[in-house]
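For reference, the structure is listed below as structure tokens.
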Amino acid sequence: MEIIRTVLELKAAVENFKKNHKIIGLVPTMGALHAGHMSLVNRARKENDVVVVSVFVNPTQFNNKEDLKTYPRTEENDCKLLESAGCDIVFMPSVEEIYPKEDTRVFDLGPVAEVMEGAHRPGHFNGVAQIVSKLFSFVEPTNAYFGEKDFQQIAVIRRMVELEGFKLNIVACPIKREDDGLALSSRNVRLTPEQRNIAPNIAKIMTESLTFAKSNTVKDTIDFVVNKINAIPQMKVEYYEIVDGITMQSVSDWNESAYIVGCITVYCGDVRLIDNIAYKK
């Protein structure tokens with residue numbers, strides 16, 4: 001496994017593989033890798049000749065400077081995990097390498113980026129589009145892998161790919177969960193033991209809402225989830241929206257779409273956790 005820290009070296013290494021007609025898969029990450037990330041790497045390993053994983057905590061997608069500061073960084077452990085998974089190239093650049101000058105690009109991401117995370121984290125998705133478009137242009141992969149925990153992000157990246165004209169496949173991979181249902185996240189390490197104990201209620205209550213939804217309205221289902229989670233000490237729902245799984249726009253009736261997903265963000269103490277569940281797929 002090769003650890004690369006400059007764009008120039010990355011492009012040269014990738015070009016070498018392409019000369020030999022190798023299919024390249026890219027897994028963009030912000031590090032602090034866990035089994036969720038590794039499931040993406042394993043899928044990429046099965047479907048490509050060469051696997052490139054980027055490990056870069058991207059400052060332009062953090063609208064909260066404190067969140068950027070506290071985001072876990074575990075470079076040594078990340079490299080061990082990636083090597084054991086058969087990764088070919090790890091791209092671990094500095095901020096200066098990625099942004100030698102300020103990236104002032106503003107992407108016309110449209111309605112998919114204006115709701116939920118887009119509304120609560122201004123500028124977040126533009127930052128995501130900046131870094132992912134850079135990685136796509138550096139590597140020019142055939143396939144790029146993203147986890148469905150960041151459900152809205154995948155829709156935003158698809159939109160960016162359309163805007164920029166990248167020729168690649170976006171592969172969405174299922175959420176990996178702990179045995180108790182908690183969606184794997186790099187932020188989970190910041191939970192206290194007590195918070196870690198209550199955090200699985202997010203997935204549990206959303207799962208209960210699947211049955212509730214069969215005989216209740218969309219609005220009542222939202223209230224059901226929000227009220228049950230908010231009743232747990234230290235838990236506070238920032239938003240719970242039930243949306244069309246493609247457009248990310250809210251639905252008010254179960255018959256509005258063939259693909260309906262509930263997307264949630266919950267503060268557990270001061271740790272912001274996201275999750276989602278499909279009502280219709």
Side-chain angles (χ1 to χ4, degrees), residues 27-43 55 57 61-62 64 66-68 70-74 77-78 80-82 85 116-117 120-121 124 128 145-155 172-213 221-243 245 260-279 281:
V27 184
T29 82
M30 292 210 299
L33 302 182
H34 50 64
H37 296 109
M38 300 320 293
S39 70
L40 307 185
V41 176
N42 293 337
R43 172 105 179 247
V55 173
V57 181
Q61 71 190 68
F62 285 84
N64 179 334
E66 193 54 35
D67 195 19
L68 173 60
T70 58
Y71 198 86
R73 290 159 171 85
T74 56
N77 190 55
D78 291 348
K80 280 182 191 159
L81 285 172
L82 291 170
M116 298 187 293
E117 291 297 280
H120 289 271
R121 299 178 70 188
H124 167 66
V128 168
Y145 296 80
F146 297 89
E148 286 186 336
K149 182 175 72 70
D150 296 293
F151 189 75
Q152 185 180 7
Q153 177 177 277
I154 294 172
C173 302
I175 298 173
K176 282 291 270 190
R177 298 184 180 276
E178 299 281 9
D179 292 343
D180 56 13
L182 179 63
L184 290 178
S185 167
S186 301
R187 288 185 168 89
N188 291 353
V189 297
R190 292 179 49 211
L191 297 167
T192 66
E194 187 191 350
Q195 289 163 351
R196 175 61 190 82
N197 214 26
I198 59 173
N201 282 296
I202 300 168
K204 181 173 174 283
I205 290 165
M206 283 202 299
T207 303
E208 287 170 9
S209 80
L210 296 178
T211 305
F212 181 89
T221 305
I222 291 170
D223 291 343
F224 172 86
V225 170
V226 171
N227 294 339
K228 284 198 85 163
I229 292 176
N230 282 347
I232 301 166
Q234 295 199 65
M235 301 271 265
K236 178 71 184 157
V237 176
E238 184 174 53
Y239 66 79
Y240 185 49
E241 296 195 26
I242 294 179
V243 302
I260 294 180
V261 178
C263 297
I264 199 162
T265 293
V266 179
Y267 277 95
C268 189
D270 63 354
V271 183
R272 191 174 187 271
L273 302 175
I274 66 172
D275 204 344
N276 61 78
I277 196 165
Y279 289 92
K281 198 170 182 180

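All values derive from a computational prediction rather than experimental measurement.
Of the possible donor and acceptor atoms, one in the side chain of Asp78 sits under 3.5 Å from a partner among the backbone N and O of Leu33. Checked by atom type and distance alone, the side chain of Asn276 never pairs as donor or acceptor with a backbone atom of Asp150 at under 3.5 Å. At distances below 3.5 Å, not a single donor-acceptor pair connects side-chain atoms of Asp275 with backbone N or O atoms of Met206. Proximity of a side-chain donor or acceptor of Gln152 to a complementary backbone N or O of Glu117 within less than 3.5 Å is detected.
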Exercise for review: Would you sort out whether Asp67 and Arg187 count as a salt bridge (charged side-chain N to carboxylate O under 4.0 Å, His left out), showing the intermediate values?
Suggested key: CA-CA 10 Å; Asp67 195 19; Arg187 288 185 168 89; 2.7 Å; yes
Given Arg73 and Val57, is the side chain to side chain contact (heavy atoms under 4.5 Å, CB included) satisfied, shown in steps? CA-CA 8 Å; Arg73 290 159 171 85; Val57 181; 3.5 Å; yes
Using side chain to side chain contact (heavy atoms under 4.5 Å, CB included), reason through Gln61 and Met30 one step at a time and then give a plain yes or no. CA-CA 11 Å; Gln61 71 190 68; Met30 292 210 299; 3.7 Å; yes
> Yes or no on side-chain hydrogen bond (donor to acceptor under 3.5 Å, both in side chains) for Ser209 and Tyr279, after CA distance, side-chain angles and deciding distance?
Replying inline: CA-CA 9 Å; Ser209 80; Tyr279 289 92; 2.6 Å; yes
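A salt bridge links Arg196 with Asp180: the closest approach of a Lys/Arg side-chain nitrogen to an acidic carboxylate oxygen falls below 4.0 angstrom. A salt bridge does not link Lys228 to Asp223: none of the charged side-chain nitrogens sits closer than 4.0 Å to a carboxylate oxygen. A salt bridge between Glu238 and Arg121 is absent, with no side-chain N of the basic residue lying under 4.0 Å from a carboxylate O of the acidic one.
Contact check for Ile242 versus Val261: no side-chain heavy atoms found under the 4.5 Å cut-off. Within the 4.5 Å cutoff, no side-chain heavy atoms of Cys263 are placed close to those of Tyr240. Asn201 has its side chain within reach of Met235: a pair of non-hydrogen atoms, C-beta onward, lies under 4.5 Å apart. No side-chain heavy atom of Leu81 sits under 4.5 Å from any side-chain heavy atom of Val41. Taking the side chain as every heavy atom from C-beta outward, Arg272 and Thr265 approach each other to under 4.5 Å. Residues Arg190 and Asp270 are in side-chain contact: their nearest non-hydrogen atoms beyond the backbone lie under 4.5 Å apart. Using a 4.5 Å cut-off on side-chain heavy atoms (C-beta onward), Val27 and His37 make no contact. Put simply, the side chain of Tyr145 does not reach to within 4.5 Å of the side chain of Pro28, judged on heavy atoms.
Atom CG of Leu273 sits about 6.5 Å away from atom CG of Leu182, to the nearest 0.5 Å. Separating the CD1 atom in Ile175 from the CD1 atom in Ile274 is a distance of 8.5 Å, to the nearest 0.5 Å. Distance CG/Leu184 to CE/Met38: 12.5 Å, rounded to 0.5 Å. Once rounded to the nearest 0.5 Å, the distance linking CD1 of Ile202 with CD1 of Ile232 reads 8.5 Å. Between the CG atom of Asn188 and the NE2 atom of His34 there is a distance of 7.0 Å, given to the nearest 0.5 Å. Here CZ of Phe224 is found 8.5 Å from OG1 of Thr211. Values are rounded to the nearest 0.5 Å.
Between Ala172 and Ile154 the shortest heavy-atom distance is CB-CD1, 3.8 Å. Residues Ala203 and Gly181 come closest through the heavy atom pair CB-O, 3.4 Å. Of all the heavy atoms in Val237 and Asn230, the pair that sits closest is N-OD1, 2.8 Å. Minimum interatomic distance between Val55 and Gly31 (heavy atoms only, all atoms of both residues): CG1-CA, 3.7 Å. Annotation for Leu191 and Ala199: closest pair CD1-CB, 4.1 Å, computed over non-hydrogen atoms. Looking at every heavy atom in both residues, Ser186 comes nearest to Val189 through O-CG2, 3.3 Å.
In Glu208, the CD atom is crowded: over 12 heavy atoms of neighbouring residues, nucleotides or ligands sit closer than 6.0 Å.
Partners of Asn64 under the side-chain hydrogen bond (donor to acceptor under 3.5 Å, both in side chains) rule, at least two apart in sequence or in another chain, do not exist in this structure. Residues meeting the side-chain hydrogen bond (donor to acceptor under 3.5 Å, both in side chains) test with Arg43, sequence neighbours left out: Glu47.
Side-chain N/O atoms of Gln234 and Gln195 include a donor and acceptor closer than 3.5 Å.
Between Tyr71 and Phe62, the angle of the ring planes goes over 60°, which puts this pair in the perpendicular group of the 30/60° scheme.
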